[in-house]
Amino acid sequence: MALRRLLPAVAVLLAVLAAPASGDVYGRKQAIDARLQSVQAKIARAGERERALAGEIASVNSRIRGLSTQVGDVSARLVTLEHDLALHQEKLDRLNELYRLETARFLFLRRQYQLSLDRLGDRLIDIYEGGEPGSLEVLLSAKSFTDLISQAEYAESIGTQDKRIADDVGLAKVGVRAQRERTKRIRAVVSSETRTIAVRTEQVRAVRDALLASERRLAAARSSKRESLVAIKETKREYLHEAAGLARASASLAVSIQAAQASSSAYSPSGGSTPSAAGFIWPASGPVVSPFGMRWGRMHEGIDIAVPSGTPIHAAASGRVVYAGWMDGYGNLVAIDHGGGLSTAYAHQSSIAAGVGQPVSQGQTIGYVGCTGHCFGPHLHFEVRVNGTPVDPLGYL
């Protein structure tokens, strides 16, 4: 993929190297500059896409952090509910077991009570059918006085005992039934609470699962965007490499043009150090490879003069140095105030030969051409400003 992207630039460079010096150097340079401008536009678009992806990834990261916090909160609620549900379920299981035991006991006592009633009924039937023994019969059948008393007490105790057993079993049955009803009511309450907690638990679990699903989707989206970001960065590096090669080829052709037409052109110094109608001289002798105006979607606030690295840079007019140092984008920069709101700037220098506050004369060397800051090859970026507003330097040269 990288090799395929670099093939057009390689082809252009090979054409430059293979062509004779007397060939159409201007046409070849225009082709290279057009290709360079196209690549630089792609670099700008790749940079914009890179920044957009980085912003999108940051946004997704923020959303994932928010979801993680929500998942933590919901998970904590779910743990509490699940614990509460387990306790209620355990309590309900015990109540069910208690109710089962009380039901079994109630049924047993009910059967015993029925048996007691049956025995009492049978005894009453026997007495009715056989007749209750009278006092005379008990007296005549007794063998002794003691036997008489025992038979009388025995006859009386049998009836009393049967009735007491029936009464006790009946009371026990009533008590067990009441206890069973209380257990049933408590069980119904606990069962209702358990169902309510179970519903709430499922609802919270569903919320947690939905949050986790959203978190997974965002993580997948972030992974995809990161892969795209890596691809964009790689593409941008390849474009930068291609642009650097094209810029070197353009600079090489510019030197050839400068050597072939050192006298003058519409975009090169007239007479080298001869001031223009505006009183300015060219700061360096070379062709303008990038004019003032819109470039790659934004304003290019000066002109780029193609000259080899190390070429002396001359003050376009006399004045006082107001800036000498590094500035983002411009690299090593010298700015001169010429009075009357007029100033000039000289960027991308390899080294600076003037200091802040220093007065300079027209034509004095203030630095040397290089490629510092945002630069694709050795050249001088020259600006003219009126009251701080950039204007086309060609109107002053």
Side-chain angles (χ1 to χ4, degrees), residues 47-117 166-234:
E48 292 174 0
R49 182 56 181 159
E50 180 181 351
R51 289 188 293 274
L53 281 171
E56 291 171 7
I57 291 173
S59 175
V60 171
N61 283 334
S62 177
R63 292 172 63 189
I64 288 177
R65 286 193 295 270
L67 282 174
S68 296
T69 300
Q70 293 182 52
V71 168
D73 294 341
V74 172
S75 295
R77 288 172 54 200
L78 183 59
V79 168
T80 301
L81 283 171
E82 287 176 338
H83 179 68
D84 196 13
L85 178 61
L87 290 177
H88 274 73
Q89 188 61 53
E90 182 180 1
K91 185 177 180 181
L92 182 60
D93 292 342
R94 291 180 178 179
L95 285 170
N96 284 332
E97 180 62 19
L98 179 61
Y99 183 76
R100 186 187 66 79
L101 293 174
E102 288 176 343
T103 299
R105 187 182 178 194
F106 170 74
L107 294 176
F108 171 76
L109 289 173
R110 188 171 66 180
R111 287 194 299 272
Q112 290 300 110
Y113 179 68
Q114 187 61 44
L115 289 173
S116 298
L117 290 180
D167 291 342
D168 289 344
V169 173
L171 289 174
K173 184 190 71 170
V174 171
V176 169
R177 181 169 58 186
Q179 180 61 40
R180 179 169 169 268
E181 289 300 319
R182 285 194 297 271
T183 301
K184 184 178 180 180
R185 288 194 296 272
I186 295 173
R187 185 183 67 168
V189 172
V190 173
S191 178
S192 176
E193 292 176 351
T194 302
R195 286 194 299 272
T196 301
I197 295 173
V199 169
R200 289 171 55 196
T201 301
E202 286 303 316
Q203 290 173 342
V204 173
R205 184 178 290 111
V207 171
R208 184 203 60 183
D209 292 345
L211 290 173
L212 287 172
S214 297
E215 190 176 22
R216 286 192 294 269
R217 285 195 297 270
L218 286 175
R222 179 179 61 184
S223 178
S224 175
K225 290 180 185 297
R226 282 175 173 171
E227 291 176 359
S228 297
L229 182 59
V230 170
I232 285 292
K233 286 182 176 180
E234 178 62 25

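- Qualifying salt bridge (charged side-chain N to carboxylate O under 4.0 Å, His left out) partners for Arg216, counting only residues two or more places apart in sequence or in other chains: none.
- Applying the salt bridge (charged side-chain N to carboxylate O under 4.0 Å, His left out) rule to Glu50 yields the partners Lys236; only residues at least two apart in sequence or on another chain are considered.
- In this structure Glu181 satisfies the side-chain hydrogen bond (donor to acceptor under 3.5 Å, both in side chains) test with no other residue, sequence neighbours excluded.
- By the side chain to side chain contact (heavy atoms under 4.5 Å, CB included) test, Arg94 is found to be paired with Glu90, residues two or more places apart in sequence or in another chain being considered.
- Judged purely by distance below 3.5 Å, without hydrogens or angles, the side chains of Gln203 and Arg200 never pair a donor atom with an acceptor atom.
- For Asn96, the side-chain hydrogen bond (donor to acceptor under 3.5 Å, both in side chains) partners two or more places apart in sequence, or in a different chain, are Arg187.
- Arg51 is linked by a salt bridge (charged side-chain N to carboxylate O under 4.0 Å, His left out) to nothing, counting only residues two or more places apart in sequence or in another chain.
- Applying the side-chain hydrogen bond (donor to acceptor under 3.5 Å, both in side chains) rule to Arg208 yields no partners; only residues at least two apart in sequence or on another chain are considered.
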### Message
With side chain to side chain contact (heavy atoms under 4.5 Å, CB included) as the criterion, how do Lys233 and Leu229 come out once you've worked through the C-alpha distance, each side chain's angles and the decisive distance to 0.1 Å?
### Response
CA-CA 6 Å; Lys233 286 182 176 180; Leu229 182 59; 3.9 Å; yes

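- Under the side chain to side chain contact (heavy atoms under 4.5 Å, CB included) criterion, Arg105 pairs with Leu109, Val176, sequence neighbours left out.
- Between the side chain of Thr201 and the main chain of Ile197, a donor-acceptor pair closer than 3.5 Å is present.
- Atom OG of residue Ser191 and atom NE2 of residue His88 lie 10.5 Å apart, to the nearest 0.5 angstrom.
- Closest heavy-atom contact between Thr194 and Gln89: CG2-OE1, 3.6 Å.
- Annotation: the span from Glu193 atom CD to Leu85 atom CG amounts to 12.0 Å, rounded to 0.5 Å.
- No option in Val204, Leu211, Asp209 other than Leu211 meets the side chain to side chain contact (heavy atoms under 4.5 Å, CB included) test with Val207.
- Checked against side-chain hydrogen bond (donor to acceptor under 3.5 Å, both in side chains), Thr103 has the following partners two or more places apart in sequence or in another chain: Arg180.
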Quiz: residues 72-81 side-chain donor-acceptor pairs under 3.5 angstrom, not counting sequence neighbours:
residue, atom, partner, partner atom, Å
Ser75, OG, Val71, O, 2.7
Thr80, OG1, Ala76, O, 3.2

Which donor-acceptor pairs under 3.5 Å do the side chains of residues 53-66 make with protein atoms, sequence neighbours left out?
residue, atom, partner, partner atom, Å
Glu56, OE1, Lys225, NZ, 2.8
Asn61, OD1, Arg222, NH1, 2.8
Asn61, ND2, Ile57, O, 3.3

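- Considering only residues two or more places apart in sequence or on other chains, Glu202 meets the salt bridge (charged side-chain N to carboxylate O under 4.0 Å, His left out) condition with Arg205.
- If you take CG on Leu92 and OG on Ser192, they are separated by 11.0 Å, rounding to the nearest 0.5 Å.
- Atoms OG1 and CD, on Thr183 and Glu102 in that order, are 3.5 Å from each other to the nearest 0.5 Å.
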### Task
Evaluate the side chain to side chain donor-acceptor pair (under 3.5 Å) criterion for residues Ser214 and Arg217: first the C-alpha distance (whole Å), next the side-chain angles of each, then the deciding distance (0.1 Å), finally the verdict.
CA-CA 5 Å; Ser214 297; Arg217 285 195 297 270; 3.0 Å; yes

